[in-house]
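Inspection log for the structure reproduced underneath, given as structure tokens.
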Amino acid sequence: MGRATDDIEDLLRRHAPQVLGALVRRYGHFDPAEDSVQEALIAAAGQWPRDGIPGNPRGWLIRVASRRLTDRLRSDEARRRREETAAALTPADAFVAPPPGEDPAGAGPAALGRAPSEDDTLTLLFLCCHPALSPAAQIALTLRAVGGLTTAEIARAHLVPEATMAQRISRAKRTVRGTQFRQPDARDRDQRLAAVLQVLYLIFNEGYTATAGPDLHRTDLAREAIRLTRAVRRLLPHEGRVTGLLALMVLTEARTPARTGPDGELIPLDEQDRARWDRTAIAEGIALAEEALAQGPAGDYQLQAAIAALHDEAGRAEDTDWPQILALYDVLVRRTPDPAAALGRAVAVAMVHGPRAGLAEVDGLAETAERHYRLDAVRAHLLERAGDMAAARTAYRAAADATLSEPEARYLRMRADRLDR
């Protein structure tokens, strides 16, 4: 039963953006269309496990969502006659071309309208990542409209009340109300794609290392980010940034089985049992990273993927090619002002030139970057390696006090306590 439920959830999330795209393209009205699709997804999640998956699941979802949307639009007297006429003249199956050999009941030649396609996924991603929205709103709207997650699921993932998340999503939908359902023109497309990829990266990072709460890893968010990035890559297979981001996610997620101990405690990269890493995923990620580097000038995601590949290729921590990693970080920090990249480079400097050299880099970052607990965590680790136990203990505790992640805080306090002995 569990596996069947998972298969249905995957099917619903795959079809969600195509169903929403079909409704928005036909009726407009993104906000009520999105709510109607959510209701159809909930109805399917309750009915399909009991009655079985219909032969044309996408058509089923479109029919149900169309009825819900029509009911919504009928409540507005100014639109009632127009929407009822459109609904009466167009069978719901006209929104989707039936699978080969299937002739939906009541659907003749008129039913062969424009079929929703995965292009809708990218169009919806561009809409959800509209520049007028804040990053938090972009993430929430993407997970809801494109990922098919319910408001409750998104709220749980971000550890906020459902009512708070509902307000955030409602404000986001109001902001994009009236925006045409089409991909941006050539002048804006590159910038908007960068925003889409950044949102997917943020979703993945929150899933891989949760910024707050009792769990280190939120599998649902990490997997959803990978699924959506795969969908974008199917549409843009020759775009190096997309391939690079997917490679980075796959290579990073491959380490998940070894990141925590039996009680959920954090295990740092250099202490992980690498036999537990997902070697199939690593092989895929390395192939993707190589492909990304061949697809044009190396951008941020391609460089980060190459760094992740070097970590994953090392059978033991001491086999890691740190000089090559440092060389890649040197290129990366020249391209991007990202503090995380600069901190990663400081670690690489320490591994190549010694902990004191790394500490000098960290101290330089502290003067220019906003204070972050990871800065203290890295400083603590390098101070410990340099033999300054008192200063390391202080830095570990400062980092533990600053993080909202309970597993990270426990790990940092454990390291500090160990230095007391």
Side-chain angles (χ1 to χ4, degrees), residues 129-139 142 187-211 225 229 232 239-249 251-252 269 289 292-293 295-311 322-353 357-382 395 398-399 402-405 408:
C129 298
H130 194 283
L133 298 174
S134 69
Q138 290 174 338
I139 290 170
T142 296
R187 293 173 300 175
D188 297 331
R189 193 171 184 275
D190 190 68
Q191 184 176 357
R192 294 287 292 278
L193 178 60
V196 167
L197 298 181
Q198 176 69 7
V199 165
L200 296 177
Y201 188 37
L202 290 172
I203 293 171
F204 176 79
N205 282 341
E206 181 61 28
Y208 188 71
T209 303
T211 54
T229 306
V232 176
E239 172 57 65
R241 289 175 295 174
V242 179
T243 306
L245 178 58
L246 179 58
L248 174 60
M249 290 179 177
L251 288 165
T252 305
L269 180 62
L293 290 171
Q295 287 179 329
D300 296 355
Y301 296 124
Q302 294 98 311
L303 291 168
Q304 290 181 73
I307 291 169
L310 288 169
H311 281 296
W322 283 107
Q324 183 62 26
I325 289 175
L326 177 56
L328 289 168
Y329 268 123
D330 285 340
V331 178
L332 181 60
V333 297
R334 286 197 295 268
R335 286 183 47 87
T336 177
D338 181 12
L343 192 57
R345 180 183 176 277
V347 173
V349 168
M351 298 306 294
V352 174
H353 300 296
L359 282 167
E361 296 288 335
V362 172
D363 289 341
L365 293 175
E367 296 174 359
T368 59
E370 182 180 350
R371 197 74 180 184
H372 192 279
Y373 81 93
R374 292 196 187 281
L375 205 64
D376 283 321
V378 170
R379 176 184 282 108
H381 177 66
L382 297 182
T403 181
L404 298 177
S405 167
E408 289 191 309

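Hydrogens, waters and symmetry mates are skipped; everything else that's a heavy atom, side chains included, is used.
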Item to check | Asp190: salt bridge (charged side-chain N to carboxylate O under 4.0 Å, His left out) partners, not counting sequence neighbours | outcome: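 Asp190 satisfies salt bridge (charged side-chain N to carboxylate O under 4.0 Å, His left out) with Arg241 only.
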Could you state the interatomic distance from [atom1] ([X]) to [atom2] ([Y]), rounded to the nearest 0.5 Å?
X	Y	atom1	atom2	result
Arg334	Leu303	CZ	CG	10.0 Å
Asp376	Thr403	CG	OG1	11.5 Å
His311	Leu269	NE2	CG	6.0 Å

Minimum heavy-atom distance between [X] and [Y], given as atom pair plus value:
X	Y	answer
Pro297	Gln302	O-NE2, 3.5 Å
Ala395	Ala380	CB-CB, 3.6 Å
Ala289	Leu251	CB-CD1, 4.5 Å
Ala305	Gly244	CB-O, 3.6 Å
Gln138	Cys129	NE2-O, 3.3 Å

Item to check | salt_bridge(Arg379, Glu361) N-O dist < 4.0 Å | outcome: no
Is [Y] close to [X] at the side-chain level, that is, under 4.5 Å between some pair of heavy atoms?
X	Y	result
Pro131	Arg192	yes
Glu408	Tyr373	yes
Leu343	His372	no
Val347	Trp322	yes
Ile307	Leu248	no
Gln295	Val242	no

Item to check | All side chain to side chain contact (heavy atoms under 4.5 Å, CB included) counterparts of Ala137, not counting sequence neighbours | outcome: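 Expected list: Leu133, Ser134, Ala172.
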Next on the checklist: Restricting to side chain to side chain contact (heavy atoms under 4.5 Å, CB included), what partner residues turn up for Leu326, sequence neighbours left out?
Outcome noted: Asp330, Arg345, Ala348, Val349, Val352, His353
Item to check | Steps toward side-chain contact (heavy atoms from CB on, under 4.5 Å) verdict (Leu310, Leu328) | outcome: CA-CA 10 Å; Leu310 288 169; Leu328 289 168; 3.6 Å; yes
Item to check | Sidechain-backbone polar pair: Thr336 side chain, Leu332 backbone, donor-acceptor under 3.5 Å | outcome: no
Item to check | Donor-acceptor pair, side chain of Tyr301 and main chain of Thr243, under 3.5 angstrom | outcome: no
Checklist entry - Do Met351 and Ile325 pass the side-chain contact (heavy atoms from CB on, under 4.5 Å) test, and can you show the C-alpha distance, the side-chain angles, and the key distance before you say yes or no? => result CA-CA 10 Å; Met351 298 306 294; Ile325 289 175; over 6 Å; no
Checklist entry - For Thr211 and Leu404, what are the C-alpha separation, side-chain angles and deciding distance, and is it a side-chain contact (heavy atoms from CB on, under 4.5 Å)? => result CA-CA 6 Å; Thr211 54; Leu404 298 177; over 6 Å; no
Item to check | side-chain contact (heavy atoms from CB on, under 4.5 Å), paired with Val199, selected from Leu197, Val196, Ile203 | outcome: Ile203
Next on the checklist: Pairing donors with acceptors under 3.5 angstrom, does anything connect the side chains of Gln304 and Tyr201?
Outcome noted: yes
